[in-house]
Protein chains: 2
Amino acid sequence: MFEARITQGSVLKKLVEALKELVTEGNFDVSNTGLSLQAMDSSHVCLVSLTLREDGFDHFRCDRNMAMGIHFGNLSKILKCAGNEDTITLKAEDNADQLTLMFESANQDRISDFDLKLMSIESEHLGIPDQDYSAEIKMPSSEYQRIVRDLTSIGDTVLISATKEGIKFSTSGDVGTANVTLRHNTTPEKPEEQTIIDLKEPVALTFALRYLNNFSKATPLAPQVKLSLTKDLPIVVEYQVGELGSVRFYLAPKIDDEDNMGEDEAQS
Amino acid sequence: MFEARITQGSVLKKLVEALKELVTEGNFDVSNTGLSLQAMDSSHVCLVSLTLREDGFDHFRCDRNMAMGIHFGNLSKILKCAGNEDTITLKAEDNADQLTLMFESANQDRISDFDLKLMSIESEHLGIPDQDYSAEIKMPSSEYQRIVRDLTSIGDTVLISATKEGIKFSTSGDVGTANVTLRHNTTPEKPEEQTIIDLKEPVALTFALRYLNNFSKATPLAPQVKLSLTKDLPIVVEYQVGELGSVRFYLAPKIDDEDNMGEDEAQS
DNA sequence: GTTTGTTAAA
DNA sequence: TTTAACAAAC
């Protein structure tokens, strides 16, 4: 059987809220090392990879590896029934066709249990190699959210350029053009407000803002986000979920790449 | 003539907001004992019974019994014009075709009066016998609201089971199944958070969630709600409106009743 | 932490 | 128009 307990149920709620729009359905792969999910978004453009470590749970037991096919919309509906302060326990028998979710209020006054029907989903588990990236940028997740939201109102794609000067987000559209630059800054008042640029090599890549914007739904999960960039490779947008694990979003760059996309690409 | 004055006008506003969706029109029956209303909802499925005692008002006078036909949507429009801190006075001449509402701000700075046109409505006053119920449950009204709202996202009907263990709300639908259990609890920090189960006999009845959900519109009126259950009889959902009186909602159970509705009634 | 009101989006 | 997200107040 599989059983996983997390005291801070709000984390699970936020996770599913962050993913449900991108991933309509996917497999929760559970093993004795924890719970993971890998799924393409419905348009097969970007990849979501969730890893929750066994030791990040307050209790974790998995006798046998399982792939549980989850309809994220339905899981979201059920998690909406959990209080933010509830302890959540996930439970499934081996080869079960349902996942049981138990919600317990802090004072045990209220106990709810929900059975979520599981689906059978083709899993195409991709090995994602650990990469050495040309640039790794850590920045406040709220800042990332703000930038991609703002730029979305100007253009459809963004050129992200990392240099030793800082990281620049550029777009253009009918309205005009826009550039937002963040400088390396390791000493703000609060550590969550740091912007750290770890640069091996300058890099500039173009991405569809729509997806970068969607990734920012994970903002409530973590105060910081990490962007990893290498020429011709997908960007990785990663949120650390406390001690539990992380969510990573992968998005391939636009092929018409980095050399000549300064001010005037409105006519695409 | 009829004249009734209530210092805390917000109570009247909340009352009408709670009822107006269920009761599009109904008679305010006034007599020297107070004001009452009995009305079926527009689909003739459930019954609303409002009782406001004469001595709950700050001033009450009724020379002659009257049935004042009220269009609740219009009354709501007028009450929206009253401040929450206003004193409200209802006034009508004998056999008048209009009800006058006066709003006075606490410091008398502002005085408004509105005339609401009355309608002639067939009144079908039902005698509702005082019943001995198998189970009476008092619980926080916010908890009731939360449960029926949550379960509405899973299924259409709810099985309410009262046992000495507690009270359980169960539903099922396409997503899966759901059970929420509340335990008897007379000693939380605050008295409004008590859950009191007064059980003469275990009982389990099924109801349409849509209506139970609608009843919860009365939540702002009272911190606690009382559910009264007896086999084959309508559930009573009752809100005590301070010292003024009470609102009671009656809803008949589904006929396919309590014996075999545990886990697997998805295929309805 | 909960509620309410406002605003944005579907 | 309805509903969900966000912010502000309690």
Side-chain angles (χ1 to χ4, degrees), chain A residues 7-22 24 41-43 72-88 103-110 140-154 156 209-223 239, chain B residues 8-11 13-18 20-22 24 73 76-77 79-85 139-154 175 188-194 209-210 213-214 216-225 239:
Chain A
T7 309
Q8 203 180 355
S10 58
V11 171
L12 213 54
K13 297 183 62 162
K14 288 176 190 166
L15 259 174
V16 172
E17 284 313 295
L19 301 186
K20 74 162 194 227
E21 196 174 318
L22 216 50
T24 55
D41 80 298
S42 41
S43 56
F72 271 70
N74 289 343
L75 177 57
S76 163
K77 275 189 184 174
I78 288 178
L79 284 172
K80 286 235 171 72
C81 304
N84 279 322
E85 311 307 316
D86 285 2
T87 291
I88 298 183
F103 309 147
E104 297 166 85
S105 65
N107 52 17
Q108 301 276 317
D109 272 3
R110 171 180 167 157
S141 55
S142 56
E143 191 71 56
Y144 169 81
Q145 181 173 47
R146 180 74 200 277
I147 291 170
V148 295
R149 186 209 292 138
D150 286 353
L151 295 191
T152 299
S153 70
I154 308 292
D156 298 326
L209 274 166
R210 178 183 162 196
Y211 295 101
L212 297 186
N213 206 14
N214 206 312
F215 302 163
S216 75
K217 293 231 158 49
T219 304
L221 284 166
Y239 296 82
Chain B
Q8 205 180 353
S10 59
V11 171
K13 297 183 60 162
K14 288 176 190 167
L15 259 174
V16 172
E17 285 313 294
K20 73 161 195 235
E21 195 173 319
L22 217 49
T24 55
S76 163
K77 278 187 185 172
L79 284 172
K80 286 236 170 71
C81 305
N84 279 321
E85 312 307 317
M139 66 167 95
S141 55
S142 57
E143 190 72 58
Y144 170 81
Q145 182 173 46
R146 179 78 201 275
I147 291 171
V148 295
R149 186 211 290 139
D150 283 353
L151 295 192
T152 298
S153 71
I154 309 290
V175 174
E189 297 102 56
K190 299 172 184 171
E192 311 95 57
E193 292 170 1
Q194 285 190 335
L209 274 165
R210 178 183 162 196
N213 207 12
N214 206 312
S216 75
K217 293 232 156 54
T219 304
L221 285 166
Q224 288 249 316
V225 63
Y239 296 83

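Quick caveat, the model's predicted, so the values are computed rather than measured. Numbered from 1 within each chain, the chains take letters A, B, ... in sequence-line order.
- In summary, A:Arg110 and B:Asp150 engage in a salt bridge, as defined by a charged side-chain N under 4.0 Å from a carboxylate O.
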Show me the protein contacts with nucleotides 5-10 of chain C, counting only N or O atoms at under 3.5 Å.
none

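- Partners of A:Tyr211 under the ring pair (Phe, Tyr, Trp, His ring centres under 6.0 Å) rule, at least two apart in sequence or in another chain, do not exist in this structure.
- With contacts defined as side-chain heavy-atom distances shorter than 4.5 Å, the pair A:Thr152/A:Arg210 does not qualify.
- The distance between atom CZ of B:Arg146 and atom P of C:dG1, rounded to the nearest whole Å, is 14 Å.
- Atom CZ in A:Arg149 sits about 10 Å away from atom C1' in D:dC6, given to the nearest Å.
- In this structure A:Phe215 satisfies the ring pair (Phe, Tyr, Trp, His ring centres under 6.0 Å) test together with A:Phe249, sequence neighbours excluded.
- As a whole-Å value, the separation of A:Lys13 NZ from D:dA4 P is 14 Å.
- A residue-by-residue look at A:Glu85 and B:Pro220 shows that A:Glu85 has its nearest nucleotide of DNA chain C further toward the 5' end.
- Counting only distance, with no hydrogens or angles, the side chain of A:Ser76 and the backbone of A:Phe72 share no donor-acceptor pair below 3.5 Å.
- The shortest distance between side-chain heavy atoms of A:Phe103 and A:Ile78 falls below 4.5 Å.
- Put simply, CD on B:Glu143 is 17 Å from P on C:dG1, counting in whole angstrom units.
- Rounded to an integer number of Å, the gap from CD of B:Glu192 to C1' of C:dG1 is 16 Å.
- Atom pair A:Leu79:CG and D:dA4:P shows a separation of 16 Å (rounding to whole Å applied).
- Distance from the side chain of A:Glu17 is smallest for D:dA5 among the nucleotides D:dA5, C:dG1, C:dT3.
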